[in-house]
Structure formats: C-alpha cells, structure tokens
Chemist: 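Can you read through this structure? Questions will come right after.
Numbering of ligands and ligand atoms starts at 1, following listing order. What you see below is based on every heavy atom in this structure, not just the backbone, and it leaves out hydrogens, waters and symmetry mates.
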Amino acid sequence: GAEPDFLTVRGLHAGYGQARVLQGLDFRVARGEVCAILGPNGAGKTTTLRALCGMVRGRGSVTLNGTELLGRSPEQTARIGVAHVPEGRGTFNDLTVEENLRVGAHLRTGPRRRGRAERAAVAADLERIHDYFPRLRQRSRQAAGSLSGGEQQMLAIGRALMLRPSLLLLDEPSLGLAPLVTRELFEIIRAVNEEEGTTVVVVEQNAQLALGIAHRAHVLEAGRLVLSGPAAQIREDGQVAEVYLGVS
Ligand code: ATP
C-alpha cells in the first residue's frame with residue numbers, strides 16, 4: 001500500500017555475550033498495524049522485542065518514524081513512544097493497581113512535571129484505561145500482587161498504555177492464562193489498536209490467537225525470519241501452520 005513504514009528493522013543482530021541470537025532480521029511495520037512474531041521456543045522472539053526497546057544491545061538499524069532506536073536505553077525509547085510489556089509482566093506487587101498505572105504516566109513525563117494540566121491529563125488517561133479494562137477500575141485500591149494472572153496482564157498492558165505509546169511491544173500476553181481470559185485480553189488489544197491507532201508488535205506461542213488479531217506475521221526460527229506475510233495468508237496455509245507453528 002501507500003502507507004509508509006513506521007517501524008523499520010534492518011539487519012538486526014543481537015545476543016547475550018557470546019550467544020548470538022538474532023542473525024540479521026529485516027522487517028517493516030506500517031503505522032497502525034498489528035504485527036505478530038511467531039516461532040518455536042528459543043527462536044529469538046523475546047530478544048527481538050528487547051532489542052527494539054533498548055533492553056539488549058543490537059547491531060543494524062531500527063527506526064521508529066525515522067528516529068534510530070538502537071543505542072538508546074529503555075527509558076529513552078519509552079520517551080520516544082515505545083512501551084514494552086515483558087513476559088512475566090513486571091508490575092509492582094506491593095503497589096495498588098492505581099499506583100502501578102501512575103508509574104506508567106511517570107515514565108512518559110518524568111517525575112518533575114506535576115502541574116495541574118499534567119494531573120488532568122493523567123486522570124483522563126486513567127479513565128481511558130479503565131474503560132478498556134473495567135476490572136482494573138473495580139480493583140483500583142487492591143494490591144497488584146493480589147490480582148489474578150489475567151488481571152495482572154491487563155494491568156501490565158494498562159500501565160504501558162499510560163505512556164501513550166505509538167508502539168506497543170507485547171511479549172507472550174497469553175502466558176499462563178485460561179482460554180476465556182486470553183480471548184478477552186486479545187479483544188481488548190484489538191480494540192486499543194483500532195481505537196487509538198497504536199502500532200502493536202506481539203510475540204506469541206499461541207499462533208492462532210495472534211494471527212486472529214494481526215495484520216501481518218513473521219515466523220522466526222533460530223534467529224532468522226523464515227516466513228513473512230499477511231496474517232490471513234499464513235493462517236490459511238495449512239503446511240505453514242504445521243511445519244512452523246506446531247498447529248494443524
Ligand atoms: P521463548 O518462547 O522460549 O521465550 P524466544 O523465541 O522468545 O523463546 P528468546 O527468549 O529470545 O527466544 O531466546 C533466544 C535464545 O537466547 C535462547 O537460546 C535463550 O536461551 C537465549 N537467551 C535468552 N535470554 C538470555 C540471557 N539473558 N542470557 C543468555 N542467553 C539468553
């Protein structure tokens with residue numbers, strides 16, 4: 001289409017010490033798209049998200065709307081508009097639900113901006129996030145550690161949305177969740193994408209689920225992309241599903 005690339009990944013290499021994990025990834029994501037990254041355990045899906053948000057050092061180039069992301073810290077990429085929801089969520093168990101959400105706002109603005117306009121903006125963001133996740137509104141004053149797994153994942157995503165990100169990186173949002181909760185969560189991710197226009201890159205073991213909301217998908221194997229295409233096409237290709245995704 002005519003839509004320019006929003007996220008452009010070129011020749012991305014990344015790893016941990018001697019362990020080379022990503023062996024030169026090339027892919028593009030258009031603004032407003034949901035992109036799924038699929039593939040077997042250890043393929044490098046998590047490492048890809050970590051490289052995009054500055055948690056691991058990468059070589060090559062990753063640009064968001066023309067701005068280079070490689071070489072920046074997670075704090076810096078967050079200010080640029082990248083919100084990362086790691087596997088295992090990373091919410092603060094001892095803080096309340098609302099306090100966790102307010103941490104997300106701080107990451108966006110920095111701790112010093114506390115004027116009236118900023119307070120009003122944060123209140124509006126909380127309201128918006130509570131509309132997506134009504135359970136978080138009900139549990140505002142509850143400690144995050146006392147939430148169910150699904151609610152904690154909702155909180156982690158809600159906190160990321162407090163950043164008003166232009167790029168949302170989700171690592172295995174379905175991990176450990178019951179099927180019904182997972183479906184609810186993915187519907188909310190779809191709604192956020194459609195209503196806010198947030199570009200989403202989602203890593204998932206559950207390929208069917210991710211392909212259900214994604215526009216495009218990339219299959220990663222041993223640090224290389226082995227397949228890329230429209231999600232609908234990948235979903236319908238039975239052989240692809242069997243060989244690469246472990247479903248049939
Ligand atoms: P999974 O679905 O199992 O999480 P993945 O596709 O997300 O797999 P990664 O987590 O990116 O894969 O891991 C890719 C490789 O990097 C694996 O071989 C893993 O053991 C290795 N690895 C991941 N994190 C580290 C680390 N902190 N230090 C060293 N090696 C790591």
Chemist: Which of the numbered atoms in ligand 1 are below 4.0 angstrom from a heavy atom of E172?
Modeler: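 It comes down to these atoms of ligand 1: 2 (O).
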Chemist: For atom 4 (O) of ligand 1, find the nearest protein heavy atom and state the residue, atom name and distance (0.1 Å precision).
Modeler: T46 OG1, 3.7 Å
Chemist: Looking at atom 23 (C) of ligand 1, what's its closest protein heavy atom, distance included?
Modeler: Y16 CE1, 3.4 Å
Chemist: Any heavy atom of G42 sitting closer than 4.0 Å to ligand 1?
Modeler: yes
Chemist: Report the nearest protein non-hydrogen atom to atom 3 (O) of ligand 1: residue, atom name, distance rounded to 0.1 Å.
Modeler: N41 ND2, 2.7 Å
Chemist: Is the shortest side-chain heavy-atom distance between H218 and V226 below 4.5 Å?
Modeler: no
Chemist: Starting from atom 2 (O) of ligand 1, find the nearest protein heavy-atom neighbour and note its residue, name and distance.
Modeler: Q205 NE2, 2.8 Å
Chemist: Below 3.5 angstrom, do we get any N/O pair linking V21 and ligand 1?
Modeler: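 In this structure, V21 places no N or O atom under 3.5 Å from an N or O of ligand 1.
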Chemist: Atoms of ligand 1 less than 4.0 Å from R50 heavy atoms?
Modeler: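 Those of ligand 1 that fall under 4.0 Å from R50 are 24 (N).
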Chemist: Going by the order shown, which atoms of ligand 1 are within less than 4.0 Å of some heavy atom of P40?
Modeler: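 Under 4.0 Å from P40, ligand 1 has these atoms: 6 (O).
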Chemist: Is atom 20 (O) of ligand 1 close to the protein, meaning a heavy atom under 4.0 Å from it?
Modeler: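 Given the 4.0 Å limit, the answer for atom 20 (O) of ligand 1 is no, no protein heavy atom qualifies.
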Chemist: Below 4.0 Å from ligand 1: does a non-hydrogen atom of G44 turn up there or not?
Modeler: yes
Chemist: Any idea which of E87, R20, K45 brings a heavy atom closest to atom 6 (O) of ligand 1?
Modeler: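 The nearest heavy atom belongs to K45.
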Chemist: Keeping the roles fixed (side chain from E151, backbone from S148), state whether a donor-acceptor pair exists under 3.5 Å.
Modeler: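 Between the backbone of S148 and the side chain of E151 there is a qualifying donor-acceptor contact (under 3.5 Å).
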Chemist: Could a heavy atom of G15 be found less than 4.0 Å from some atom of ligand 1?
Modeler: no
